[in-house]
Amino acid sequence: MKNRLVYMDNGATTPVREEVLEAMLPFLQDQYGNPSSLHTQGREVRRAIDEAREKTACVLGADPAEIFFTSGGTESNNLALRGTARKQASAGHIITSGIEHHAVLEVCHDLENEGHRVTYLPVDRFGRIDPAAVEAAIAPDTFLISIMAANNEVGTLQPILEIGTLAREHGILFHTDAVQVVGQRPVNVNDLPIDYLSLSAHKFNGPKGVGALYKRKGVKITPLYRGGSQERKLRPGTENVPGIIGLGQALELAAAEIPYKMEYLTSLRDQLIEGLLKIEDVILNGHPQERLPGNINVSFKYIEGESILLSLDLQGIAASSGSACSSGSLEPSHVLSAIGLDQQTAHGSIRFSLGRYNNEADIEYVLEKITPIVEKLRQISPLHKTD
Amino acid sequence: MKNRLVYMDNGATTPVREEVLEAMLPFLQDQYGNPSSLHTQGREVRRAIDEAREKTACVLGADPAEIFFTSGGTESNNLALRGTARKQASAGHIITSGIEHHAVLEVCHDLENEGHRVTYLPVDRFGRIDPAAVEAAIAPDTFLISIMAANNEVGTLQPILEIGTLAREHGILFHTDAVQVVGQRPVNVNDLPIDYLSLSAHKFNGPKGVGALYKRKGVKITPLYRGGSQERKLRPGTENVPGIIGLGQALELAAAEIPYKMEYLTSLRDQLIEGLLKIEDVILNGHPQERLPGNINVSFKYIEGESILLSLDLQGIAASSGSACSSGSLEPSHVLSAIGLDQQTAHGSIRFSLGRYNNEADIEYVLEKITPIVEKLRQISPLHKTD
Amino acid sequence: MYNEKVVDHFSNPCNVGELTDADSIGESGSFKCGDTMKIFIKVEDGRIENIKFQTYGCGAAIASSSMLTEMVKGKTLDEAMHITNQNVADELGGLPPLKLHCSNLAADALHNAIADYRRRLEPDYTD
Amino acid sequence: MYNEKVVDHFSNPCNVGELTDADSIGESGSFKCGDTMKIFIKVEDGRIENIKFQTYGCGAAIASSSMLTEMVKGKTLDEAMHITNQNVADELGGLPPLKLHCSNLAADALHNAIADYRRRLEPDYTD
Ligand SMILES: Cc1ncc(COP(=O)(O)O)c(C=O)c1O
Ligand SMILES: Cc1ncc(COP(=O)(O)O)c(C=O)c1O
């Protein structure tokens, strides 16, 4: 019997906003034309997609022709990295970090197999990449730097302005995986020397399975696959129309509330962090200030993450251990290892990620429930010395 | 002022069925968990995806582990072809036809650039591929045959049983692009020697932007892109949950009504064909019998397709000239050229594609409207001799 | 795709047909999309007294033909020679970029008709 | 993911803790996922008279520990030695395939405890 439901896994995915669903519905009902069709039904839908593209571009400070809709953050990352690598006349060098999402890291591994060299930069104990390390890593044949705007597990914001500036100074393309940041903090490609940026709708109260790649005009990439002429041939296939409409609507709404939401979530976040740190042997992972407004990542020593998650779940609290994608796996998260946590501490880490529907009562509820959970699991644990 | 709306472009896309939307809605509302999450909200959604996979598998006579959800037919084709090519130790030979969808043809062009050889088989004037030609084309290093189950423009069904049997006899993998057939005619991978099959939900009253690849157990392919472990790593990225649920539901419903719908559409189709052929200088493209139940493709001599489409559109009739994807282009369709139409006749071709919502009144309405349209455009045309 | 004016000219094209008593006939065609146009003119006192067209082509091609014939009726041959394809597209309120080449046909056919007329009937004419 | 019985044993695990008067203590651990388990047994007349456990690990590991201790309480050492990890998983009504290795810990720790006991107290014992 659950008392209530407190969803604190917004870093994994977010609920679709009602207004977003409303915007999508016509495209699951009457407006069913194929946007490539010449007839009225097709042209209406084409117009709606164009509008979604304009909204997306507007929020990012981009030109609509620089927005390419994809099936999500994973595809956007793959498209940017592989697409750029395939445009190179010969194998070259890529710089990324050791804490990127798998959708960047594993592509880099592939590219290594294809003959490119990749530098995986380390991070400090807060999860920050040092721009000086980026500069030091630049080789004469470095053609791409890919550094995420914020880490999905520990929430650390990266100095992408500095890194992008370095990239530009050296004539190197700069990609940022901004999946965790778009819709949460302002991102404007006019202020930032970014050549491409990945985003995913389901992280900002849009639908799952749709994302976008911003690609600065003039930057050339090879598509991942071929077919029709949709998305200017960069991403062929009949468009996920309701998804794209949902993305545009969700992004516009999210962008409008950023200033308010940042403040609101930051305050909730810090309350939760403060409360959690009152429990003995709890450490905060990630940077104390330079972190996503809604991200809280802590390690509970002596106990194991899944059992904490399960206990929370039994109280109606949804959180995650590590990233959603890797929580099915048994290995400690590569991010937590990279910030220097030993395996056991990494295994005891939990991410609470807040979203627009969380409130103070949620924070109180979590704090009320987590204390006895930790106590009980520690009682069971042979690692915890009670004396 | 339109009298009524008659949608006859179901080959381009179909309206989402109400029951399908209903099945999807919870996943755009309360059931928003990430299926990779361990908590209740995540597990509920995981279960729903598993069910959709089971439904899909059941309809195709496959095992759920043989179904991989994708973003549509285009991606499924790319995944099958590129994924297989990349598994080859060295460059080899592929057999396909000259009338495949661009999502097969253009991939083959890419694979040629990567060093493989591709045979593009010709078709007869009905658009049929001769199995004997397939056999004759087989080379010692042929590793893949890809032939569509039915053509999207002229509707011709291909002898995939014969071709698949040949492929198996020679130990060659066989892929079929069944995007136009699944949900319209029975397709069962137990009766057919198919190694992989592409399908797309929006062609059978499901949502746009979601499809599946059936891949027989044991057949190895390399993923197009990398990231999380979704779809057993063959197709990473947070799942298009509402899309997948919609696909499963739409396919189950479509499969159940196939026997009835085939008969119904075939009868409507033949009425429309009969009526159209009564107009002077009209020719039927594709095979008179061996064609998709809902496909009608005719050429109106002396007049041009777009002006016919536009005239139909002004009467509320939605049709297409050639395939939806290529109708934005100025070149005559590769399919119509392949069946031997001269450029002018090809330019005057129109596809009417019927779906479950069409009825006899629609057929009558189209026949009533098309005759004066053709007459008027011919009056304008300098190619038409009135004497 | 097309604006109302284009659709209007397409649906109810003006000056469709042949002129049996034409003074000159001009043709033009696009190899690329196969569009073909024929313009018939009747000239009187150096003015286009009557004009008709036949067009095989898309909506834009038909609408441009109709628009052009309306624009030049009653104009002098010199005035008509100055009408460009762009003028026709503009007068239609614009055409989709992909379709601009279709409006190119109309003025071309007219110019061919006029040039031919002058070659035959104006002894001091040089193209 | 977990069935009700597993969740129940996880939420209200039986026999948690240490036995200060244990006759033997057995440990086991998974290098892969870091799970660790300690089993304390009190033996009387060749029977497990009391048993307690401590577990660091996931839900499956904790539930298996609880289940196992319930299963073997009062059993002879021989009987207890015959209880396999699979028995524990079965008694729990099944575990997710990915989690089966966690239930492996429980029986292992118990067997270690018993083996150690016998090595020390049963002179004619050989593993
Ligand atoms: C930083 C980051 N990049 C990429 C992704 C992948 O996005 P998607 O799940 O939309 O493919 C995610 C989310 O899982 C993410 O957090
Ligand atoms: C035969 C065929 N293959 C592939 C596709 C591509 O499918 P999708 O638009 O879902 O990517 C289509 C539809 O356009 C098709 O008709």
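Lettering of chains follows the sequences in order, A, B, ..., and the numbering in each one begins at 1. This is a predicted model, so every value here is computed, not measured.
- Between the NZ atom of A:Lys203 and the NZ atom of A:Lys208 there is a distance of 9.0 Å, given to the nearest 0.5 Å.
- Under the 3.5 Å distance criterion, the side-chain polar atoms of A:Ser37 are left unmatched by any main-chain donor or acceptor of A:Gly33.
- Contacts of A:Leu21 with chain B are made by side-chain atoms alone, with heavy-atom separations under 4.5 Å and no backbone atom involved.
- Only the side chain of A:Glu306 comes within less than 4.5 Å of a heavy atom in chain B; its backbone stays farther off.
- Looking at A:Leu25, the atoms closer than 4.5 Å to chain B (heavy atoms on both sides) all sit in the side chain, from C-beta outward.
- With hydrogens and angles ignored, the 3.5 Å screen pairs no side-chain donor or acceptor of B:Asn205 with any backbone N or O of B:Thr14.
- Interface residue A:Arg235: only side-chain heavy atoms are found under 4.5 Å from chain B.
- Put simply, of B:Leu79, B:Asn240, B:Val241, B:Val107, the one with the most heavy-atom pairs under 4.5 Å next to chain A is B:Asn240.
- Looking at A:Glu75, the atoms closer than 4.5 Å to chain B (heavy atoms on both sides) sit in the backbone and in the side chain alike.
- In terms of heavy-atom pairs under 4.5 Å with chain B, the best-connected choice from A:Gly42, A:Gly72, A:Ser71, A:Pro15 is A:Pro15.
- The contact between A:Arg43 and chain B is made entirely by side chain atoms (from C-beta outward), counting heavy-atom distances below 4.5 Å.
- Considering all non-hydrogen atoms of both residues, A:Ser311 and A:Ser307 come closest at OG-O, 2.7 Å.
- Distance check, rounded to the nearest 0.5 Å: CD of A:Glu231 to CZ of A:Phe68 gives 7.5 Å.
- Counting heavy-atom pairs closer than 4.5 Å to chain B, the top residue among A:Asp110, A:Val20, A:Ile244, A:Val16 is A:Asp110.
- Highest contact tally toward chain A, considering only B:Gly246, B:Gly209, B:Gly211, is held by B:Gly209 [criterion: heavy-atom pairs under 4.5 Å].
- Under the side chain to side chain contact (heavy atoms under 4.5 Å, CB included) test applied with B:Leu224, the options B:Leu234, B:Thr70, B:Asn78 reduce to a single match, B:Asn78.
- A donor and an acceptor atom, one from each side chain of A:Asp177 and A:Ser198, are nowhere located under 3.5 Å apart.
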